[in-house]
Q: 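Handing you a structure now.
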Amino acid sequence: MLAASASALAMAPSALAQDRLEAEGDIIVTAQRANQTEVTAGGSVGILGDKKAEDVPFTIKSYNSALILNQQPQTLGQVLENDPSVRTTYGFGNAAEQFIVRGFTLFSDDLGINGLYGLSPRQLIVPELFESVQVLNGASAFLNGAAPGGSGLGGSVNLVAKRAGPKDLTRVTAGYTADEHVGGSFDVSRRSGDFGVRINGVGRSGDLATDGEFRRTYAIGGALDYDSGPVRLSLDLGYQDIKIRGLRPKVTGATFLPVVPDADANYAQPWTYTRLRDIFAVAKAEYDVADNAMIYINGGVKKGDEDGLYAGFGLTNTATGDAFYSPSIIPYEARGASTTAGIRVKLEAGGITHEVNAGGTMIWQSSRSAYRFLAGDVTNLYDNASLAYPTVPTFVGGDLDDPTTIGRAYTGSVFVSDTFGFWEDRILLTAGVRLQTITQKSYDYNTTQLTNRYAESATTPAFGLVVKPVAGLSLYANYIEGFEPGSQAAASVSDPSLPDGIRTVTNAGEFLPPTKTEQIEIGGKVAVGRLTGSLAVFQIDRPLPAYIVDSPTTAVYGTFGQQRNRGIEFNVEGEVVSGLRVIAGGTVIDAKLRRTNQGINQGNTAQGVPDYLLNGNVEWDLPFFKGATLTGRVVNTGKQKADDANSYSLPSWTRVDLGARYVLLAADKPITLRFGVDNVANERYWASSFDRFGVGLLQGAPRTYKASVSVDL
């Protein structure tokens with residue numbers, strides 16, 4: 001008896017220790033799963049609401065917040081590097097990300113926030129503020145309305161703000177990016193009954209891997225929501241403040257492909273800088289008036305201010321790298337408001353279901369600006385000596401200290417659609433139409449007098465068919481149109497071939513009439529276990545606005561010709577086997593110029609559109625090392641024509657990124673350690689040649705080390 005009792009007492013601590021090890025193991029596995037980088041097939045499909053990808057005749061996917069946390073991106077463009085239909089470039093001379101989707105431009109201020117357009121920051125977006133980044137490929141004027149900036153004809157991006165989840169969250173993160181860029185973030189979420197609150201913020205500062213490039217970012221986001229069942233209310237707020245000094249500029253004016261400088265070389269002047277401050281707010285209310293009917297209203301406002309001393313970098317001798325710096329000061333203030341309201345009703349009669357959507361959208365925008373171009377100086381792509389701070393003005397408009405209103409725009413629309421469901425919703429037929437009206441006004445920089453005004457309307461229809469013959473297989477087709485407001489001719493455009501680097505635009509300030517883009521697409525989607533895939537074939541025809549040289553020193557802006565992009569896309573994402581996840585895909589694009597002015601460049605390949613894009617992401621949870629995950633990514637981009645004349649091409653390039661994560665416990669709290677290296681081989685390459693006028697070469701980022709640690713308290 002005594003022996004048995006002694007044996008039991010001896011075994012008790014061992015059993016307790018085993019239970020504790022198992023409990024700790026469960027915490028580690030749970031934390032590891034919560035950190036999985038994922039892509040969800042589905043998301044917000046404009047006026048149709050949130051949908052699974054298998055139920056809509058479009059290609060749509062969502063990149064989750066864990067991907068953003070794990071990859072430690074500085075900007076939204078670095079998130080979208082994961083998408084095989086998207087590549088990122090910059091504007092001229094400043095830090096303005098532009099995305100190329102299916103071969104067409106998408107500006108940062110034409111992105112959606114919680115489904116509303118006209119509210120996103122104009123140049124750069126801090127990705128940590130958002131729960132997911134949703135990419136919808138193809139024209140979407142019916143689904144989202146015309147993008148106010150006139151872009152997004154090859155696809156749209158919607159940013160979903162963070163909200164309180166069912167579980168409380170308190171997370172702090174510290175991070176490092178080479179060379180000397182350090183910072184941290186926090187994310188706190190609480191829910192009590194029907195109410196939820198979430199606050200998250202980020203701050204980081206220091207030099208990056210490109211020699212002499214400094215970035216500082218502060219951002220904070222907040223969300224309140226209430227969900228009582230029939231009533232759902234939410235308010236999302238965001239603020240970001242970004243400063244960049246010594247941004248490596250694009251290289252313009254090359255007459256043939258120049259030798260790529262060292263991967264970390266910087267040909268910016270240390271006095272160049274960009275300062276961006278943006279604030280936005282979005283509120284939404286939904287009410288279920290019946291089990292099958294909902295009314296909603298969604299509205300928001302934004303305020304953006306930017307200033308800086310920018311500088312274009314134009315080659316004067318491609319062989320030697322001799323170049324000319326063209327400095328400018330262009331303060332810009334953007335104000336905007338956007339709202340959409342509608343009703344969604346689900347009906348059924350005679351074995352046929354209906355989902356009817358009807359409503360309207362309105363976007364208001366105004367901008368204030370001035371400009372001062374300054375006398376430049378000579379430099380060299382491969383030996384960039386420091387130049388004197390520029391002070392001599394050469395071309396001036398408006399008052400830099402008190403910029404005046406230069407433009408106002410109003411975009412309104414009404415829409416209606418019906419999705420018919422047959423054969424127990426295994427056949428879904430969507431038909432809809434949106435009537436859109438655009439009014440734009442422009443004002444003189446100096447006199448503030450109205451210089452141009454127009455108001456145009458157009459109808460953009462959409463038709464889509466989804467057929468689900470067997471479980472896990474969805475076939476689809478669509479016809480949809482894009483609609484872009486007429487863009488405004490600039491006062492001048494950069495042309496390094498001229499002594500002062502500026503070409504005057506003879507119809508400066510004039511708005512082009514609105515144009516329509518047509519898209520036809522067929523495809524299929526398949527789901528096998530935890531793996532999903534899609535395949536799409538598309539054609540997009542877009543009227544082409546362009547600057548055409550009409551004299552030795554001037555250019556004219558107009559709609560000259562058409563760009564036709566034909567392509568094939570495929571995507572695969574999910575878990576191949578337990579612990580092994582992939583995000584992969586590719587796009588092949590044939591982008592041709594047609595019906596051009598006087599046959600110039602007729603039949604050529606459009607500038608800056610790679611002939612193919614390939615992406616592959618892999619994550620492997622090591623089965624023999626609990627809590628450890630290895631990661632890898634390959635980004636491969638095909639050849640690009642440097643200009644519409646196809647005078648030369650950029651060769652294909654490949655970048656490899658590697659990393660690892662490890663989850664451990666401290667006082668029963670999960671800690672996640674991350675380490676990654678982007679561009680492991682330190683490849684030097686021209687990443688993009690996309691530009692509004694002439695050749696614009698953007699060099700790819702050098703090898704970059706990243707590390708972070710997150711603690712869930």
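Scope of the values below: all heavy atoms of this structure, side chains included, with no hydrogens, waters or symmetry mates. Every value quoted in this text rests on a predicted model; they were computed, and no experiment measured them.
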Q: Under the side chain to side chain donor-acceptor pair (under 3.5 Å) rule, collect the residues that match up with T460, sequence neighbours excluded.
A: Q436
Q: With sequence neighbours excluded, tell me which residues meet ring-ring contact (aromatic ring centres under 6.0 Å, His included) with Y479.
A: none
Q: So, using salt bridge (Lys or Arg N to Asp or Glu O under 4.0 Å) as the criterion, who are the partners of R655 when residues are at least two apart?
A: E81, D657
Q: Less than 4.0 angstrom from a charged side-chain N to a carboxylate O is my criterion; do E569 and R102 meet it?
A: yes
Q: Could you give the distance from OG1 (T105) to CZ (F690), rounded to the nearest 0.5 Å?
A: 3.0 Å
Q: Can you list the residues that meet the salt bridge (Lys or Arg N to Asp or Glu O under 4.0 Å) rule with D590, with sequence neighbours excluded?
A: K592
Q: Would you call E619-R661 a salt bridge at under 4.0 Å N-O?
A: yes
Q: Of all residues at least two apart in sequence or in a different chain, which pass the side chain to side chain donor-acceptor pair (under 3.5 Å) check with T629?
A: Q32, D621
Q: I need the full list of salt bridge (Lys or Arg N to Asp or Glu O under 4.0 Å) pairs touching residues 463-478, with sequence neighbours left out, sorted by first then second residue.
A: D55-K468
Q: Measure the spacing between CG of N137 and CZ of F58 and express it to the nearest 0.5 Å.
A: 11.5 Å
Q: Could you name each residue pair satisfying salt bridge (Lys or Arg N to Asp or Glu O under 4.0 Å) that touches residues 353-362, not counting sequence neighbours?
A: K51-E355, K346-E355
Q: Would you please name every residue forming a salt bridge (Lys or Arg N to Asp or Glu O under 4.0 Å) with R163, sequence neighbours left out?
A: D236
Q: Applying side chain to side chain donor-acceptor pair (under 3.5 Å), name anything that partners D288, two or more places apart in sequence or on another chain.
A: R232
Q: Once salt bridge (Lys or Arg N to Asp or Glu O under 4.0 Å) is applied, do any residues pair with E54, and if so which ones, sequence neighbours excluded?
A: none
Q: Tell me, which pairs form a salt bridge (Lys or Arg N to Asp or Glu O under 4.0 Å) where one or both residues lie in residues 109-120, sequence neighbours left out?
A: none
Q: Under the side chain to side chain donor-acceptor pair (under 3.5 Å) test, which residues partner T631, sequence neighbours left out?
A: none
Q: Can K525 be said to sit on top of Y476's aromatic six-ring, NZ or CZ under 6.0 Å from centre and within 45° of the ring axis?
A: yes
Q: Which residue is it: L347, D425, T419? I am looking for the one with a side-chain contact (heavy atoms from CB on, under 4.5 Å) to T353.
A: D425
